Amino acid sequence: MNAQPEKKMHVSKLAINHRDLLSLETLSVDEINAILDLAEYYVVQNRRKSQTNALLKGLVMVNMFLENSTRTRLSFEMAAKRLGADVINMTVEGSSIKKGESFIDTLKTVNAMRPDLFVIRHSAESSAQMAAEHLECPVLNAGDGTREHPTQALLDALTLRRHFGHLEGLNVSICGDILHSRVAHSNLQLFKKMGVNVKCVGPGELMPLSAGGTQDMKKGLENADAIMVLRIQKERLQQSLSFTEQQYFDTFGLTAERLAYAKKDAVVLHPGPMNRGVEIDASIADDPKRSLITLQVEMGVAVRMACLDLLTRSAR
Ligand code: NCD
């Protein structure tokens with residue numbers, strides 16, 4: 001038997017036991033591995049030009065982004081289209097939310113049209129859960145306020161697993177605004193489940209007590225295999241910061257000098273959008289030997305294809 005049918009047989013057996021993908025909290029280690037394994041299959045498929053897949057043909061995905069997004073929105077749309085689904089994009093501009101319609105009424109309206117998949121990004125922490133309660137199709141959380149961003153954590157895990165060949169035992173430092181970052185919150189859960197050692201580093205006012213982080217970049221980055229840099233979530237700040245952007249860069253910005261605190265070949269991740277000269281120096285962001293940032297974006301499409309595939313398996 002050649003390798004291809006074997007691979008197909010393997011991917012067809014992968015499963016997750018949930019209707020929705022709302023958080024990392026409810027995913028088991030086996031389910032995380034199933035998503036990553038299937039995503040690997042889609043990475044290969046996406047790199048073959050002219051590859052078309054009609055797996056989700058006839059299905060309609062509503063992609064509702066009520067907060068700004070470049071990568072995640074495009075990536076969900078790309079993933080669905082690569083699998084043959086039709087996609088309807090919704091933003092707050094141009095929707096009846098602008099006319100005063102409530103979020104719940106909007107959800108009920110969408111549900112009445114019987115979509116097959118629903119992706120939601122919203123600034124409220126309860127939004128994805130609320131969507132799952134009002135929609136009868138699988139709901140995927142594309143970021144709910146400061147709470148969770150599960151597909152981002154999964155794509156970060158896939159990026160690290162592809163680079164290092166494994167996740168268990170890696171040392172990852174998360175650097176920046178941990179307090180307001182749904183990316184950090186989902187990643188902290190995923191890393192714990194997958195046996196990744198995590199250190200958090202950043203200013204005290206952006207560090208939750210539970211993270212047990214440090215404000216000392218040398219301590220925070222020492223021995224790291226990978227550094228995940230986060231931007232300051234200005235739109236979520238309750239009060240103004242005690243430092244300027246320049247002061248932040250001078251103390252916490254990831255420069256070549258600070259990267260040298262980590263292991264010799266340590267790599268750098270950033271979920272984007274990046275603020276060069278604030279949380280990361282441009283020379284690091286653009287260094288192909290150290291930066292996995294573009295690879296993260298590519299992995300995002302494959303991870304979302306895997307999630308859309310797995311969540312529609314029982315309905316197909
Ligand atoms: C992140 C988000 O929206 O939470 N971006 C993303 O999805 N790639 C991070 C951020 O906005 O800082």
Side-chain angles (χ1 to χ4, degrees), residues 21-25 39 63-80 89-92 119-128 131 139-160 172-191 200-203 206-208 211 226-238 241 245 248-249 252-254 268-280 285 291-305 307-308:
L21 179 61
L22 302 183
S23 87
L24 237 304
E25 208 181 320
N63 207 24
M64 187 192 269
F65 275 69
L66 304 182
E67 260 193 356
N68 291 346
S69 171
T70 298
R71 274 150 290 269
T72 310
R73 192 182 70 77
L74 201 60
S75 170
F76 265 112
E77 180 170 3
M78 182 79 88
N89 285 301
M90 271 188 83
T91 56
V92 92
V119 178
I120 176 73
R121 167 170 288 191
H122 194 294
S123 58
E125 275 73 33
S126 56
S127 55
V139 172
L140 293 99
N141 178 9
D144 52 355
T146 60
R147 209 181 70 90
E148 279 235 34
H149 192 350
T151 56
Q152 179 68 43
L154 289 161
L155 78 87
D156 293 336
L158 182 63
T159 305
L160 289 169
V172 178
S173 297
I174 307 182
C175 175
D177 180 0
I178 318 283
L179 185 63
H180 302 104
S181 172
R182 54 195 175 205
V183 176
H185 297 150
S186 286
N187 264 311
L188 284 167
Q189 298 195 51
L190 184 143
F191 288 155
C200 291
V201 52
L206 297 177
M207 183 73 66
I227 302 167
M228 182 175 287
V229 186
L230 302 172
R231 95 185 151 91
I232 298 173
Q233 306 269 305
K234 281 191 198 152
E235 67 277 31
R236 303 190 206 287
L237 296 176
Q238 306 289 325
L241 294 168
E245 287 192 344
Y248 183 81
F249 182 72
F252 297 102
L254 190 66
V268 178
L269 289 87
H270 192 309
M274 247 188 305
N275 291 294
R276 291 159 184 260
V278 182
E279 71 269 14
I280 189 165
S291 168
L292 301 184
I293 298 169
T294 316
L295 184 66
Q296 285 176 276
V297 178
E298 183 189 356
M299 295 306 112
V301 177
V303 153
R304 289 171 180 123
M305 286 170 82
C307 294
L308 297 178

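The residues of the chain are indexed from 1 along the displayed sequence. This is a predicted model, so every value here is computed, not measured. Quick note: numbers below take in every heavy atom, side chains included, and nothing from hydrogens, waters or symmetry partners. For ligands, and for the atoms within them, numbers begin at 1 and follow the listed sequence.
Given atom 8 (N) of ligand 1, the protein heavy atom at minimum distance is P271 O, 2.9 Å. When only non-hydrogen protein atoms are considered, atom 11 (O) of ligand 1 lies nearest to R231 NH2, 2.9 Å. Scanning the protein for heavy atoms near atom 5 (N) of ligand 1, the closest one is G272 O, 2.9 Å.
When only interatomic distances are considered, the shortest N/O to N/O separation between P273 and ligand 1 does not fall below 3.5 Å. At under 3.5 Å, a nitrogen or oxygen of Q233, whether backbone or side chain, sits near a nitrogen or oxygen of ligand 1.
Scored by the side-chain contact (heavy atoms from CB on, under 4.5 Å) test, Q238 finds no partners at all (sequence neighbours excluded).
Rounding to the nearest 0.5 Å gives a distance of 10.0 Å between CD1 of I232 and NE2 of H180. Taking CG of L295 as the start and CG of L155 as the end, the distance is 9.5 Å to the nearest 0.5 Å.
Contact of the R73 side chain with the N89 side chain is registered, since non-hydrogen atoms from C-beta on lie closer than 4.5 Å.
Side-chain contact check for T146 and E125: at least one donor-acceptor pair (N or O, by modelled atom type) lies under 3.5 Å. For H149 and R121, the side-chain atoms include at least one donor-acceptor pair closer than 3.5 Å.
Within the 3.5 Å criterion, the main-chain N or O of L22 finds no donor-acceptor partner in the side chain of E148. Not a single donor-acceptor pair under 3.5 Å links the side chain of H270 to the backbone N or O of L292.
Distances below 4.0 Å separate heavy atoms of T72 from the following atoms of ligand 1: 6 (C), 7 (O), 8 (N). Heavy-atom contacts of Q152 reach the following atoms of ligand 1: 6 (C), 7 (O), 8 (N) (cutoff under 4.0 Å). Distances below 4.0 Å separate heavy atoms of V183 from the following atoms of ligand 1: 1 (C), 4 (O), 9 (C). Applying the 4.0 Å criterion to heavy atoms of H149 picks out, from ligand 1, the atoms 2 (C), 4 (O), 6 (C), 7 (O).
Of the candidates E235, Q296, R182, R236, it is R182 that places a heavy atom closest to atom 2 (C) of ligand 1.
Neither the backbone nor the side chain of L230 has a heavy atom within less than 4.0 Å of ligand 1.
Cation-pi geometry between R304 and F76 is satisfied (NZ or CZ under 6.0 Å from the ring centre, within 45° of the ring normal).
In this structure, E67 falls outside the shell of residues with a heavy atom less than 4.0 angstrom from ligand 1. Within the 4.0 Å heavy-atom shell around ligand 1 one does not find G143.
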